[in-house]
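Both ligands and their constituent atoms are indexed starting at 1 by order of listing.
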Amino acid sequence: MGPLYAEVAVDIVHRQLDQLFDYEVPAGLDVKVGSKVSVPFRNRTVGGYVFGLSGKTSMGKVKKIIVPKAGLLSAPAELMDLASWMASRYLCLRIEAVKLLFPPGNVPLAPGLIPSKELLEDPESFRVMLKRSPVRLRLLDQILSDFEGRGTVPLKEALGKSGASASAAQSLVKEGMLERSYVTRKPAVERSTSAVKDVILSEHQENALNAIGQAMARGGTVLLNGVTGSGKTEVYIRALKKAMAEGKQGILLVPDIALTPQMSDIVRAHFGSRVAVLHSGLSDSERAYHWYMAMKGDVDVVVGARSAVFAPLARLGIIIMDEEHDSSYKQEESPRYHAREVAAKRAELSGAALVLGSATPSLESYSRAKAGEMVLCELPERVDGRGLPKMVVVDRRDEIKAGNYSFLSRRLKAEMDAALMKGGRVMLFLNRRGYSPLVLCRDCGYTMKCPDCDVSLVYHSDTKTARCHYCYHEEAVPALCPSCKSKRLKMYGVGTQRMEEELSKMFPGHGVARMDVDSTRARGSHRRILDDFKSGRAPILVGTQMIAKGLDIPEVTLVGIIAADMSLKFPDFRAAERTYQLVTQVSGRAGRGTEPGLVIVQTYNPDHYSLKSAVEGDFKSFYETEAKSRKALGYPPFAEMARILVVSASPSLAESAASSIARGIRKDAQGIRVLGPSPAPLSRVEGKSRWHILLLCENRETLAGKLEGLARGGEEHEGCSIRIDFDPQSTL
Ligand code: ADP
Ligand code: ZN
Ligand code: ZN
């Protein structure tokens, strides 16, 4: 047999190197499509990823692959197709896409040994062969007996126990009795605190499970639209068990790192140690460990955030995406992929089923289900006959008229008193962290702004500084107004820190917990805050987005949404959709136990259709209204959108580059609608000007074709960096 050649993408992020290079595979090295290797490249050694194998090469002189020091890692071959697909779909470099498939950093592997297949089949005849080499025989027996109990035996340990030398081990490998392998150091795994509840599925749940079973057999997507608390998670678990019973594996995606502990607890309660967890909140070595377990096939389920869609499972039978509407599934840095799209492609490549679950499906998914492109399953009721919480709208204008300027309406305050009296838990949602969003002079109207960004500074009481939420700028609040020297520089508006402080005064004797980015920086703080809340040490929980989703705490009887209009005012075409989702999701935290739940929604816009239908729990009416307006505007999901963002230190260069790009597209529009250029809503961040152009088109390929040249650096725009984002989830 002649030499084998590998087509390798080298790990150098550079447009000119976005191609495959041929390398010779050294004899005996088990390189596969999907392997991560090392290769010599221009006088240095770099990482490489094998996209293809072939018996011939068209290149004259071919260098050899180097055996990576840490051992050979391989992703399933179809993931390489997925990476190539991503490169063309998101116009990124192939190397950027393929790097998502592997854990960052090195897998902390130590060399180990396993018996070869031949040895396992017929150990006796091999033992006879070694009759005259007692040391090597001892080593062989050591490996055989240890392997049975726990798999790969660390080399050091095997040599120590048997008294054999490294060269003895090597000769057994050469003779095909042993094989090299690797062991990982196991990080401390948090134990599951959930107990398995044996429940009988409702009819709706049964129907959903059947539909998922069919999708697993034939491929395809199921949209599971179930109200909050309708038992979607239970359906996920059963579906995963079904996959397992067929010898398949599953991926369960959650939108937020914050939700992984709760979900992995539940999954571990069912699947024990055959669960891996993958998300960016883990340390590199923890991630590497979980990744490696998945690669070896030692797990049945991978739970994780966005990036877990790339988990190296070779027998994938199902991908489940919980809260599929959530914008965290979109990666905001290059490659700007949407995990929902990637999951669909991966399911197609692996012949797996895709399940999209949500109480508030995205317009994208729901319209595709209506068009028959996926199966729609509904769970219209909460389990156990529990009702959805009662929703009450409070018009904040009435509060102002009555002279109440507090962030708590009279009704909410009264309901809190009642709930706390009965020993319930209260969740208050406000999507604004910090103490006050505005530091303003009462005499001249001066406000503190970030010198580098086009935003006001937010006052934080823990550091007693005004901080920018878009860069690291932070400064003390001056004693006198810098503009008029008045002493009346005051904090305006309420953030979560101020709520925490004022609530402690308003409800003495009741602890107040706060959950936001600032209070959860420390490792483990997340769990601690929730424990305080659950146990009743702090029966009031104030929080941002972080408390909006997924939390299943039966003691919560009252939920207050402090400012439901905040998300409505967002300069983005999805503002109404996000508001509907947020209000529904936050409300869903109430009444998950035996006590019925109550939700108070405070707003200045009680008549807005997104709030009205959220309060009525009427997804279909929201969908109809929103879909009509999107259709009329020619916006997603009824068109494909791309955003071009031009960023430059020079405002005039940003503007002229944006203008010239827009002009170029308009010249030969091919049915593409061009909006702009205009300054982005966040017109300056970190001292750089931002201009953007929005493109709309029926056809994604037309859009991608149009932008390919720009993405590949085919145009010169001096001093500007250009970002292309398909299906942008934020247009700020
Ligand atoms: P969702 O994910 O739709 O919000 P969950 O799956 O978290 O809902 O279910 C809410 C609660 O109801 C959980 O505590 C779960 O164990 C329980 N549950 C789920 N299905 C059933 C069922 N068929 N019968 C009784 N309890 C159930
Ligand atoms: Zn002033
Ligand atoms: Zn700033």
| Counting backbone and side chain alike, does C453 bring an N/O/S atom below 2.8 Å of the Zn ion (ligand 3)? | yes

| Numbering as shown, the atoms of ligand 1 that approach R592 to under 4.0 Å (heavy-atom distance) | 4 (O), 7 (O), 8 (O)

| Protein contact of atom 16 (O) of ligand 1 - nearest heavy atom, named by residue and atom, plus distance | K197 NZ, 3.3 Å

| said: Just to verify, which of L209, V267, L224 counts as forming a side chain to side chain contact (heavy atoms under 4.5 Å, CB included) with Y236? | reply: L224

| message | Among G226, G231, G588, which one puts a heavy atom closest to atom 9 (O) of ligand 1? | response | G231

| query | Nearest protein heavy-atom contact for atom 20 (N) of ligand 1: which residue, which atom, what distance? | reply | Q205 NE2, 3.1 Å

| request: Looking only at protein heavy atoms, identify the closest one to atom 13 (C) of ligand 1 and say how far it is in Å. | output: D552 OD2, 3.6 Å

| How about H469: does one of its N, O or S atoms come closer than 2.8 Å to the Zn ion (ligand 3)? | no

| Does NZ belonging to K490 count more than 12 external heavy atoms closer than 6.0 Å? | yes

| Pair H290 + H279: ring centers closer than 6.0 Å | no

| said: So which atom in R306 and which in K330 form the shortest heavy-atom distance, rounded to 0.1 Å? | reply: NH1-O, 3.1 Å

| field | Within less than 2.8 Å of the Zn ion (ligand 2): protein N, O or S atom count | value | 4

| note | One finds that the ligand 1 atoms under 4.0 Å from a non-hydrogen atom of E234 are 6 (O), 19 (C), 20 (N)

| request: Quick one: list whatever passes salt bridge (charged side-chain N to carboxylate O under 4.0 Å, His left out) with R723, sequence neighbours left out. | output: none

| message | Quick check on R382 - does any of its heavy atoms sit under 4.0 Å from an atom of ligand 1? | response | no

| Distance-minimising heavy-atom pair for P728 and R574 | O-NH1, 2.9 Å

| note | Per-atom filter on ligand 1: closer than 4.0 angstrom to a heavy atom of S230 are 1 (P), 3 (O), 8 (O)

| Between atom CG of L489 and atom CZ of R442, what is the distance when rounded to the nearest 0.5 Å? | 11.0 Å

| field | Heavy-atom neighbours of K242 NZ exceed 12 at 6.0 Å | value | yes

| field | Contact summary for G445 and L440, nearest pair of heavy atoms | value | O-CD1, 4.2 Å

| Any heavy atom of S202 sitting closer than 4.0 Å to ligand 1? | yes

| query | What is the minimum heavy-atom distance between I547 and R589, and which atoms define it? | reply | O-CG, 3.7 Å

| note | Taking every heavy atom of V494 against every heavy atom of P437, the minimum-distance pair comes out as N-CD, 3.7 Å

| request: Could you tell me which atoms of ligand 1, counted from 1 in the order shown, lie closer than 4.0 angstrom to a heavy atom of G229? | output: 1 (P), 3 (O), 4 (O), 8 (O)

| Ion pair present between E234 and R238, side-chain N to carboxylate O less than 4.0 angstrom? | yes

| So, for L356 and S365, which heavy atoms are closest and what is the spacing to 0.1 Å? | CD1-OG, 3.7 Å

| remark: A student checking ligand 1 against I200 at a 4.0 Å heavy-atom cut-off should list atoms 22 (C), 23 (N), 24 (N)

| Hey, looking at atom 6 (O) of ligand 1, which of V227, T233, V383 has the closest heavy atom? | T233

| said: I need the atoms of ligand 1 closer than 4.0 Å to a non-hydrogen atom of L201, numbered in the order shown. | reply: 23 (N)

| field | Minimum-distance protein heavy atom relative to atom 26 (N) of ligand 1 | value | V199 CG1, 3.6 Å

| N/O donor-acceptor pair under 3.5 Å between R340 side chain and E324 backbone | yes

